[in-house]
Structure formats: structure tokens, C-alpha cells
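Here's the structure, in C-alpha cells; my notes come after.
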There are 2 protein chains.
Amino acid sequence: MSSEQAHVVTIREVAAAAGVSIGTASKALNGRGKLREETRARVSAAAERLGFRPNPLAQGLLQGRTYTVGLVTGDSFGRFSIPVMLGAEDALGAGQISVFMCDTRDDPIREQHYVERLLARRVEGIIVTGRRTEPRPSIGADLPVPVVYAMTQSASDDDFSVIPDDRGGGALAARHLLATGRTRIGHVTGPERFEAARRRAEGLTDALAEAGTGLAGDPLFGEWTEEWGRQGADILLRAHPDVEAVFCGSDQIARGVSETLRERGRRIPDDVAVVGFDNWEPMVEGCRPPLTTVDMNLGEIGRIAAEHLLEAIGGAPRARGVLTVPCSLVLRESTRVS
Amino acid sequence: MSSEQAHVVTIREVAAAAGVSIGTASKALNGRGKLREETRARVSAAAERLGFRPNPLAQGLLQGRTYTVGLVTGDSFGRFSIPVMLGAEDALGAGQISVFMCDTRDDPIREQHYVERLLARRVEGIIVTGRRTEPRPSIGADLPVPVVYAMTQSASDDDFSVIPDDRGGGALAARHLLATGRTRIGHVTGPERFEAARRRAEGLTDALAEAGTGLAGDPLFGEWTEEWGRQGADILLRAHPDVEAVFCGSDQIARGVSETLRERGRRIPDDVAVVGFDNWEPMVEGCRPPLTTVDMNLGEIGRIAAEHLLEAIGGAPRARGVLTVPCSLVLRESTRVS
DNA sequence: GTGAAAGCGCTAACAA
DNA sequence: TTGTTAGCGCTTTCAC
């Protein structure tokens with residue numbers, strides 16, 4: 001309401017209004033030094049009344065800090081990187097750190113450009129996120145600030161990456177299906193060139209082997225699409241008509257698989273159980289029936305990445321290598337025991 | 001590689017290295033004043049060699065500018081706000097403005113908190129984005145910086161909002177269906193309490209009326225879900241078995257509608273055409289057949305919002321009211337003419 | 001042409 | 001208990 005709001009108030013004005021020196025005002029507002037309680041109150045009141053906010057540029061200049069970090073994503077802030085970002089923001093926000101966001105459109109030139117810009121802005125650290133966990137080139141060796149990769153992996157061993165435990169996710173699905181009494185289990189998943197697809201398949205087959213059983217046929221590698229899910233299910237049904245469960249490499253694939261199963265007269269979950277991967281709500285809930293799926297705990301990944309970054313900023317020895325975060329299983333209709 | 005990289009270089013060091021005064025170094029680097037070409041070169045070389053980057057805090061302190069804006073979203077950086085953000089980032093990034101992102105989780109307390117923080121950081125403007133275009137409380141009257149709402153609408157007439165033209169989107173769908181020879185057109189959409197749902201329905205019915213025809217029954221208001229799409233289609237088919245086309249209020253609804261139509265023996269697009277709304281790729285492309293749908297041009301909305309913000313920051317008279325951005329139609333299989 | 005000095009808003013020594 | 005001063009890194013007068 002008051003038009004002073006629009007004017008940026010300096011500590012000089014506060015000091016003048018409170019009838020004290022500028023240094024005293026500073027001490028009063030920051031609770032430093034020895035001041036009479038009455039003085040403190042007077043300064044606070046003046047600051048309050050004038051709507052004073054300390055200029056962080058000036059503070060930062062003095063302390064040599066900016067309390068900002070950069071968040072670089074190649075996923076166009078997509079479905080995977082967003083929850084990661086939220087988790088990260090959570091952890092950072094609590095520490096009063098603000099986040100500069102940059103989207104690289106997966107373009108290395110833009111990426112380099114943004115990194116430059118972030119460094120110029122004196123961010124205290126950088127988080128790099130991505131769409132998939134495939135190793136990617138490091139954003140730079142020997143940067144003057146710590147860097148953490150979240151939901152994406154640097155190709156350099158010197159960097160530190162936080163990614164989901166795809167292997168564990170596969171095993172989780174396997175054990176759940178076994179526990180519900182299914183043993184003839186098929187696997188329809190994404191392209192074999194993706195580490196994530198290979199790891200999920202490994203986790204599945206290893207867990208099955210441990211239980212003394214094996215996969216129904218080889219894993220069916222294809223695309224990350226519904227269309228491939230529909231095709232894959234057909235292939236699987238033809239080769240293994242007696243299949244009791246299908247573990248799918250993504251929720252989209254699972255939707256396609258579910259659709260074909262239904263069209264081929266299989267009831268889910270009575271005849272065939274289906275498990276997806278991603279826990280992508282709109283996909284999972286539109287599915288018929290709603291889909292049991294593996295959740296990668298993306299928020300957790302972001303949070304952990306951010307916490308590591310904060311520690312590194314705080315001077316902790318810089319971590320290296322890859323940290324995997326456990327997945328969890330979200331139960332829905334598609335694997336219910338009848 | 002060089003370990004100097006890790007050290008933050010000041011202009012003082014550059015000046016020393018070049019054997020000039022600090023003021024001369026500044027002039028050389030900024031192309032100001034009158035200097036010998038040789039001096040300029042020497043300073044530039046030193047700066048280059050040492051990896052000097054001017055400290056934006058110091059520059060900003062002097063100029064009284066921060067070259068940052070805040071982006072506040074209540075959509076948890078969801079499907080709608082992300083493209084808006086990308087568009088905005090595009091427009092701002094070109095102007096060397098960096099973006100602080102804040103997610104409010106749709107919590108007014110958090111929102112207020114973030115606005116405070118952004119103002120404390122001396123952002124030069126704020127963009128507010130949301131999930132839907134429903135009017136929402138203003139983030140604050142008389143803030144010291146300009147504010148623009150994108151893909152969400154402030155309840156206050158004094159604010160400036162940029163939203164999609166839902167009405168026009170509905171009309172677009174109507175005219176397209178008419179152009180492909182369909183006249184008996186049904187409408188399944190989201191909850192009536194949403195302005196977006198009402199506007200889309202209006203656009204549709206008005207355009208049909210203009211063409212001298214009418215909607216098949218009343219618009220079916222329900223939920224924004226696939227499940228409701230399935231139910232809605234059943235209701236529609238029962239009341240109007242001869243329906244030739246269905247315009248859906250969202251792509252998710254359209255998926256449900258498509259599924260039921262198929263299960264009830266209707267071929268798409270031969271017997272019934274389907275149009276969705278949102279152009280949400282994973283939904284639209286998994287649909288059988290791929291879905292013709294209305295695109296809200298979210299990136300454009302973000303870009304326009306950011307441009308207005310930049311102008312306001314530049315001192316242009318602050319805009320007020322609501323600006324609607326035209327939708328466009330994306331053609332796919334579901335409305336093909338046989 | 002170049003250097004010296006002031007000052008952006010703030011905090012932290014040091015004086016008073 | 002309070003005021004004064006120096007200085008964070010930079011740009012910009014104004015002398016030289």
C-alpha cells in the first residue's frame with residue numbers, strides 16, 4: 001500500500017531514522033556487538049517501518065559468498081528431472097540457498113555457455129540433471145566450484161553422480177511377483193543400448209535365478225513406447241502363452257502390454273500380473289487396472305545430490321564416483337493376488 | 001587444468017599483471033575511456049590468461065541492478081508450467097537475465113516466503129506460473145518490482161496475466177470437425193467449476209451455432225481423467241448412438257473416450273473422430289490412433305510473459321488485465337478424412 | 001593516455 | 001555502549 005514499498009531502503013536511512021550511526025544499525029539488525037536493548041528495538045522498529053531488506057549483493061561482496069547454486073538440466077525440465085529438482089530445491093532452500101535454473105536443450109554449446117554464466121555469477125556449486133542415467137561428458141574438469149550429477153551420470157570417474165538403483169528396482173519387481181505366486185515371468189523393456197534397461201533386466205533375472213527360476217525367454221528389448229509394449233506383449237504371448245506375469249521397463253511400455261493382454265483375453269491380474277517402472281502417475285492411474293510399478297524416488301535423488309553439494313561447498317572432501325539410491329515398489333491393482 | 005582456475009581472480013590482479021592501474025584495467029576491459037590499443041591488448045591478455053571474470057555482485061552493487069528475475073510456480077514445475085518456464089527462460093536468457101526458480105507446492109505461506117526471499121535478493125521482476133488458468137490471489141499489491149502471471153490469472157485487475165485462449169481453442173476444434181464433414185459432435189470435458197472447461201465448451205458451441213448446427217446433447221462435465229473419459233463416452237453413446245465426433249477437454253479424457261469408442265465397436269476416425277486438448281505428447285502418441293489435439297502454445301505464453309516483464313523492467317508503463325494467446329491445432333490420425 | 005580517489009551497501013575492526 | 005573507519009570488487013569521475 002505505502003508507496004515507500006517501491007523505494008529500496010538502505011541501512012543508512014534506517015540508521016538516520018533511528019538516530020544512530022550506520023555501524024550501530026548494522027549491529028542492531030544482526031544481533032552483533034553490545035548494544036542497549038532500547039537501541040536495538042529502536043533500530044528494528046525503524047527498519048520494520050521503512051521496509052528495510054539488507055542488500056544481499058553488498059553482504060555477499062563482503063563475505064565473498066553468493067548463497068546461490070546453479071541447476072543445469074538437459075531434460076528440458078522434463079518428467080525425470082523435475083522431481084529431482086524439487087528434491088534439490090528442498091534441501092537447498094532450507095539452507096537459504098537460491099537456485100539459478102538453466103535448460104540446455106541437450107545442446108553442449110548451450111551447456112557450456114550456461115556453465116560460464118553460472119560461474120560468472122559466482123554460484124557456489126552446480127547440480128547437473130538429466131533425463132536418463134546414461135553416462136554423459138563431464139561439464140568440465142577442475143571447475144572452481146563443486147559439481148554433482150543427479151539422475152544422470154558423468155563419464156568421468158572424478159565426478160560425483162547420484163542415480164537410481166535400476167538393478168535393485170528390477171530385483172524388487174522380481175521378488176514381488178514371486179511372492180505373489182507367479183513364476184513364469186516375461187520382460188518387455190526399452191532399447192538395450194540404455195544402461196537403465198540392461199540393469200533392470202539384470203536385476204530381474206538375477207533375482208529370479210536366486211529363487212531357482214528363470215525368465216520366460218530373453219528380455220525383449222525395444223523402445224520406451226506404448227506401441228512397443230503392445231508389440232512386445234504379442235511376441236511374448238506367442239512364445240510363452242502360459243506367462244503369468246510381465247515386468248515392463250517403463251510405465252508406458254506397461255500400458256501397451258496391459259492393453260494387448262486384455263485384448264488377447266488375459267485378465268489382469270488374475271491371469272497375468274503386470275509391473276511397470278517409473279511410477280508416472282498419469283500413466284499409471286489411467287492404466288487398466290491401475291499399475292503396480294517401481295518408483296525411483298527421484299525427489300530423494302535430488303535431495304541427496306543437493307546435500308552432497310552443500311557439504312562440498314562447506315568444505316567437505318569432494319566425493320567421487322556413483323551413488324545409487326534404492327527404488328521402492330508401489331502396489332496397485334495389476335499385481336493383486338486374487 | 002591449471003590450478004589458478006580454482007582461484008577467483010580480481011581485477012586488481014589483472015591490473016598488476018598488466019602493469020597498469022586498476023582503473024585503467026577496468027576501462028580496457030569495458031572498452032571505455034581513451035586508451036592506447038597496446039594497453040587494451042595487454043590487459044585483455046592478462047585477463048584471459050588469469051581467467052578473470054568480473055564479479056557481478058560488485059558490478060550490480062554499483063549499477064543498482066542484479067540482472068535476475070524470480071520464477072514462482074505453484075504447479076511443482078509440472079506439465080503446464082514447464083513449457084511456460086522454458087519459453088520465459090528463452091526470452092530472458094537472451095537478455096542475459098538469470099532466473100531464480102521457486103516452487104511453492106501450491107502453499108500460500110511458502111509462496112509469500114519465496115516472494116520475500118526474491119525481493120530480498122533484489123530480483124528485478126517476478127513471473128508467476130501455474131497449472132491452470134483459474135484466477136488466483138495476487139501475490140501482492142504494490143510490490144517494488146513488476147509481476148507477470150503466465151498460464152495462471154491473478155484475481156486482481158491491476159495485475160497482468162497471459163493465458164491461453166481456451167475459447168478460441170474450442171472453436172478451432174469445432175471448425176476442424178465441421179470441415180472434415182462431421183456435424184453430430186459431442187463434448188466430454190473436465191469439471192464445470194473450471195473456467196478453462198467452460199470456455200472451451202463455449203468456444204465449441206458458439207462455433208457450431210455459427211455454422212448453423214448444435215452440440216449433440218449438453219457438454220458432459222466431469223473430471224480431467226481417463227476414467228471419466230471412458231464413462232463420458234458411454235453416456236454419450238447411449239444418448240447419441242449416431243455421434244460422429246467427440247471433442248474432449250483434455251488429452252487424458254480423449255484417451256478414455258477413444259478406448260471406449262473402440263470397445264463399443266466404433267472405428268476412429270472412420271466412424272467417430274476425436275479431438276483432444278493439451279497436446280501432451282506421451283498421451284497423444286500412445287493413443288490409438290494418435291490424437292488430433294489443441295496445443296496451447298505454452299512456450300509462446302511464457303515468452304510473451306517474459307517479454308512484457310522485460311519491458312516493464314525497462315520502464316515501460318506496467319500492463320494490466322489479461323492477454324490471451326491463440327491456440328493451434330495439431331493434426332493426427334484421429335480426425336483423418338477417410 | 002593513465003592513475004588516483006570516491007563510492008555502490010554493507011560488516012567488522014578499532015576508537016571513543 | 002556507540003561512532004568511526006576501512007574495505008569487499010568494481011566503475012567512474014577528475015586530475016595529471
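Below, read A as the first sequence line, B as the second, and so on, with proteins coming before strands; counting in each chain starts at 1. No experiment lies behind these values; they were computed from the predicted model shown.
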Presence of donor-acceptor pair under 3.5 Å, side chain of B:Lys27 and base of C:dG1: no

Rounded to the Å, how far apart are B:Arg32 CZ and D:dT13 P? 9 Å

Side-chain atoms of B:Thr39 come closest, of C:dG3, C:dG1, D:dT1, to C:dG1

Atom CZ of B:Arg12 and atom C1' of D:dC8: how far apart are they, to the nearest Å? 9 Å

Judged by each residue's nearest nucleotide on DNA chain C, which is more toward the 5′ side, A:Pro54 or B:Gly19? B:Gly19

Taking only the side-chain nitrogens and oxygens of B:Thr24, find out if one of them lies under 4.0 Å from OP1 or OP2 of C:dT2. no

Closest of C:dA12, C:dA4, D:dT4 to the A:Ser21 side chain is D:dT4

Kindly point out which of D:dT2, C:dT11, C:dT2 is positioned nearest to the side chain of A:Arg36? D:dT2

Can you tell me if B:Ser156 and B:Ser154 form a side-chain donor-acceptor pair at under 3.5 Å? no

A:Leu61 CG to D:dA6 P: how many Å, rounded? 18 Å

A:Leu62 has an atom CG; how far is it from atom C1' of C:dC8, in whole Å? 13 Å

Determine, for B:Tyr67 and B:Arg65, whether the Lys NZ or Arg CZ falls below 6.0 Å from the six-membered ring centre while staying within 45 degrees of the axis. yes

Rounding to an integer number of Å, can you tell me how far A:Gln59 CD sits from C:dC8 C1'? 14 Å

A:Ile11 atom CD1 is separated from C:dT11 atom C1', nearest whole Å, by 8 Å

So, B:Thr73 versus B:Asp103: side-chain donor-acceptor pair below 3.5 Å or not? no

Just call it for B:Thr10: base, sugar-phosphate, or nothing, with non-hydrogen atoms closer than 4.0 Å on any strand. sugar-phosphate

OP1, OP2 of C:dT11 versus side-chain N and O of A:Asn30: anything below 4.0 Å? yes

Once you round it to whole Å, what is the distance between C1' of D:dC14 and CD1 of B:Ile22? 17 Å

Interatomic distance where CZ belongs to A:Arg40 and C1' belongs to D:dT1 [whole Å]: 10 Å

Suppose we call two aromatic rings close when their centres sit under 6.0 Å apart. Are A:Phe100 and B:Phe100 close by that rule? yes

With no hydrogens and no angle check, just 3.5 Å: does a side-chain donor-acceptor pair link A:Arg121 and B:Ser98? yes

